[in-house]
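Here the structure comes first, spelled out in structure tokens, and everything after it is commentary.
Note on naming: letters A, B, ... go to the chains in the order of the sequence lines (proteins, then strands), and numbering restarts at 1 for each one.
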Protein chains: 2
Amino acid sequence: MSEKITIYDIAKRLNITAATVSRALNNNPKIKESTRKLVIETAAAMNYKQNRLALALQSGRSNNIGVIVPRIDSNFFASVIRGIEEELHPHGFQVIICQTHEDPKRENENLHTLLDAQVDGILMSVTDVSNENDAAFRNIVNNNVPLIFFDRKKDISGVSSVTIDDFKGGYETTKHLINQGCKSIAHFSGDQSLEIFKNRFLGYKQALLDSGLTFDEKYVIQSKSSVDAGKEALNILMQYDTPPDAIFSSSDFAALGAIQELKAREINIPADFCVAGFSNEPFTKFMELSITSVDQSPLEMGKMSARVFLEQMEKTDKIMIEKKVVLKPELHIRKSSARTTS
Amino acid sequence: MSEKITIYDIAKRLNITAATVSRALNNNPKIKESTRKLVIETAAAMNYKQNRLALALQSGRSNNIGVIVPRIDSNFFASVIRGIEEELHPHGFQVIICQTHEDPKRENENLHTLLDAQVDGILMSVTDVSNENDAAFRNIVNNNVPLIFFDRKKDISGVSSVTIDDFKGGYETTKHLINQGCKSIAHFSGDQSLEIFKNRFLGYKQALLDSGLTFDEKYVIQSKSSVDAGKEALNILMQYDTPPDAIFSSSDFAALGAIQELKAREINIPADFCVAGFSNEPFTKFMELSITSVDQSPLEMGKMSARVFLEQMEKTDKIMIEKKVVLKPELHIRKSSARTTS
DNA sequence: TATTTTCGTGTAATCGATTACATTTAAATG
DNA sequence: CATTTAAATGTAATCGATTACACGAAAATA
């Protein structure tokens, strides 16, 4: 039952002041070498542990940063968090996790909680698609707490962001499908109020136009990111008089659903129909019929976000920097769309 | 550039003391209703935010708990963490994440960091298989910080744990393979210094013996949890004069590797060879040839761990409780081992 | 009216560490 | 030996909130 040992306990034991103990432990050069040694040894012997709360209160820095994501149990977000943790750990920062479950109210609540907890920064992927929480974001910036968006961002002045080039991801994937000989390409999109989905869609559209294919709204289906949603979406497409011969899906899960349904209809993939997804979820490469997908390098995204945060921290002056990092998407071509074995 | 507002600022504005402000904000019944209202309104108007660090220092409770896992980007651990976060969030606790990357030194370091940060509890899945960190674990218990192991546990007195019945998982899976008519069942195991792998192995062995099958060491292969390791392990088995006709793998990834290799050898699954994995990773059910696997209900495991922690917190007395919760594993039978369509 | 309660606030210590400033002691200099 | 200078440590305020105890004023009681 060891009681909590403080620097006062050490001081008492050695008949010196807490100030001296503090200085000795912090390697303050004003302390006599012999005293320093004695203090350090005694501290170790008494099993002293620095109370970081006290330090945090006095210094105004908690050495904690907050991370807010829709949910943690998705390969993408978990990998980003891994990247953040790995990059920040060596700098003595700890990572506090919050989930919004796609609920703007939860997002707002999380922001406040983190602020109350005096985190030194907030790294997050935005949930709110309306502008409900914009005031909260500005409040954070005004409080001089570095705020960094990754993947799902918003344009708020003073907020840095790390994203991938979703337009390019959509563009290149669609181009690839066209190169495979697909003539009529459908698109499964997410909520286009979110920049990521909007941009993937715009990339898709541009690729069609650049290749002389016609763009038709009816081939763009808004669906959730789930296997079932993908099945439903495919069924809608198949009811058309002229069904498409390829799908570029903003979600790997929806892509999988479409594939399952296509197989049930005994349509040959990729010979008669090509499918490509987005996110490069682990299962896409494990499948027997592996699925073409766009990798978002989540690990790198996490590390980069952390680095942007660290940079921001160093600027002690109140100058506000806004940095926008855009990572390159990487298309992984797999069986679901590889007609040629070039 | 709003400066940090404290209760002193509110007090000054209202010409009262910080003590009164504090009491008013905490709904202390001794405060006059009119004063309370006034304080609360002023606090809101001034955009006051409670500094939880100050509260933590004074109360001795940080309202943070630490979670240590080998890595966060695995579906299992991410899901456990999700469960923990969801259960603890309503109680005002925040979750700090640490990763060990399977390195006992990192584990030790994480334990110390969390202790320094004054977390109110630590929930973790053990990395260290030697006894290097036992002293650190005992130290935590002695400091009266609730410590709870989930999944990968160790027997340390005073430490509660939440696990699944790995023995049963191994036993039932093996029994299932036997029921499918498999006569010679191999086992891919992990590091048996870890209880989970030891118990899955023991369950496997017992099932063989109970069914009158012979147990032979050479059919037990120690392999890592990866697709490649599974391939290698399968190749070893296939060199035997009498190769097995089924595998119970402690890892879904290794099971997948084995399946890929079996397909390459044009062996029919499940007709001529059955495979079962462990963990119920998402991809196991997505595969064309879906893989039989044991679900560990990670979400439930996380929630349960959180509940055990909360219970422990409530006991303000220094009585130490040790609670061992064992969840039931759930076998999901899929195509990789389903010969009969019962 | 005198006295006891009750109510609402103020005073000041506390949590544990850091640090500007003051002070003591020893060493260096004239 | 007197005095400046440097080295080492002590004193006390600070970070922001809580709370035991003290205290004055108003209300209740005798």
Side-chain angles (χ1 to χ4, degrees), chain A residues 2-40 42-43 46-64 92 113 115-120 143-144, chain B residues 2-40 42-43 46-64 92 113 115-120 143-144:
Chain A
S2 63
E3 279 311 299
K4 290 266 165 73
I5 303 295
T6 74
I7 52 171
Y8 295 94
D9 299 318
I10 300 175
K12 203 173 291 167
R13 170 90 73 103
L14 296 178
N15 257 321
I16 55 180
T17 22
T20 305
V21 175
S22 171
R23 283 189 274 248
L25 292 173
N26 287 296
N27 290 316
N28 184 314
K30 299 210 154 194
I31 293 296
K32 214 199 304 179
E33 188 52 37
S34 59
T35 315
R36 182 201 321 289
K37 258 189 76 176
L38 188 62
V39 168
I40 290 177
T42 313
M46 295 176 79
N47 194 25
Y48 166 76
K49 293 266 150 227
Q50 187 193 45
N51 185 329
R52 273 190 42 208
L53 286 181
L55 175 56
L57 175 59
Q58 122 83 30
S59 70
R61 286 189 41 175
S62 66
N63 277 292
N64 287 151
T113 316
L115 231 39
D116 292 358
Q118 308 290 120
V119 292
D120 296 336
N143 275 28
N144 270 313
Chain B
S2 62
E3 281 309 299
K4 291 266 164 73
I5 303 296
T6 73
I7 51 172
Y8 294 94
D9 299 319
I10 300 176
K12 203 173 292 167
R13 170 90 73 103
L14 296 178
N15 258 323
I16 54 180
T17 22
T20 305
V21 175
S22 171
R23 282 189 275 247
L25 293 174
N26 287 296
N27 289 318
N28 184 315
K30 302 210 151 192
I31 294 296
K32 212 200 306 179
E33 188 51 37
S34 60
T35 314
R36 183 202 320 289
K37 257 189 76 177
L38 187 62
V39 168
I40 290 177
T42 313
M46 295 177 79
N47 195 26
Y48 166 76
K49 293 266 147 224
Q50 186 193 46
N51 185 329
R52 274 191 41 208
L53 286 181
L55 175 56
L57 175 59
Q58 121 83 30
S59 70
R61 285 189 42 176
S62 66
N63 277 292
N64 287 150
T113 315
L115 231 38
D116 292 359
Q118 308 291 116
V119 293
D120 296 337
N143 275 29
N144 271 314

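Contacts classified as salt bridge (Lys or Arg N to Asp or Glu O under 4.0 Å) and involving residues 26-38 of chain A (residues at least two apart or in different chains) are given here: A:Glu33-A:Arg36.
Closest heavy-atom contact between A:Tyr48 and A:Ile7: OH-CG2, 3.5 Å.
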> If the sugar-phosphate is the primed atoms plus P, OP1 and OP2 and the base is the rest, what is the B/S/- string for nucleotides 17-24 of chain D, using protein heavy atoms under 4.0 Å?
Replying inline: BBBB----
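Along DNA chain C, the nucleotide closest to A:Leu53 and the one closest to B:Asn15 are compared, and the more 5′ of them pairs with B:Asn15.
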Side chains of residues 12-23 of chain A: which donor-acceptor pairs under 3.5 Å do they make with residues two or more places apart or in other chains?
from, atom 1, to, atom 2, distance (Å)
A:Thr17, OG1, A:Thr20, OG1, 3.3

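Each end of the helix from C:dT1-D:dA30 to C:dG30-D:dC1 gets its own axis from five base pairs, and the two axes differ in direction by 60°, given to 10 degrees.
Protein atom CG of B:Leu57 is 12 Å distant from nucleotide atom C1' of D:dT14, rounded to whole Å. Regarding A:Leu14, its CG atom lies at a distance of 17 Å from the P atom of D:dA8, rounded to whole Å. When rounded to the nearest whole Å, the span between CZ of A:Arg61 and P of D:dC15 equals 18 Å. Remark: C1' of C:dC7 and CD of B:Glu33 are 14 Å apart, rounded to the nearest angstrom. What separates NZ of B:Lys12 from P of D:dG16 is a distance of 11 Å, to the nearest Å.
No contact: A:Ser59 has no heavy atom under 4.0 Å from any strand. Heavy atoms of A:Ile16 sit under 4.0 angstrom from primed sugar atoms or phosphate atoms, though from no base atom.
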> Where do A:Lys49 and A:Ile5 land on the side-chain contact (heavy atoms from CB on, under 4.5 Å) test, with the steps shown first?
Replying inline: CA-CA 7 Å; A:Lys49 293 266 150 227; A:Ile5 303 295; over 6 Å; no
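Note on A:Thr35: a side-chain N or O is less than 4.0 Å away from OP1 or OP2 of D:dT9.
The distance from atom CG of B:Leu53 to atom CZ of A:Arg52, rounded to the nearest 0.5 Å, is 10.0 Å. A distance of 10.5 Å separates CG in B:Leu115 from CG in A:Asn51, rounded to the nearest 0.5 Å.
Side-chain atoms of B:Thr42 never come within 3.5 Å of backbone atoms of B:Ile10 as a donor-acceptor pair (strictly under, hydrogens ignored).
Legend: residues meeting side-chain hydrogen bond (donor to acceptor under 3.5 Å, both in side chains) with B:Ser59, ordered by chain and number and at least two apart, are absent. The side-chain hydrogen bond (donor to acceptor under 3.5 Å, both in side chains) test applied to A:Arg61 returns A:Asn63, not counting sequence neighbours.
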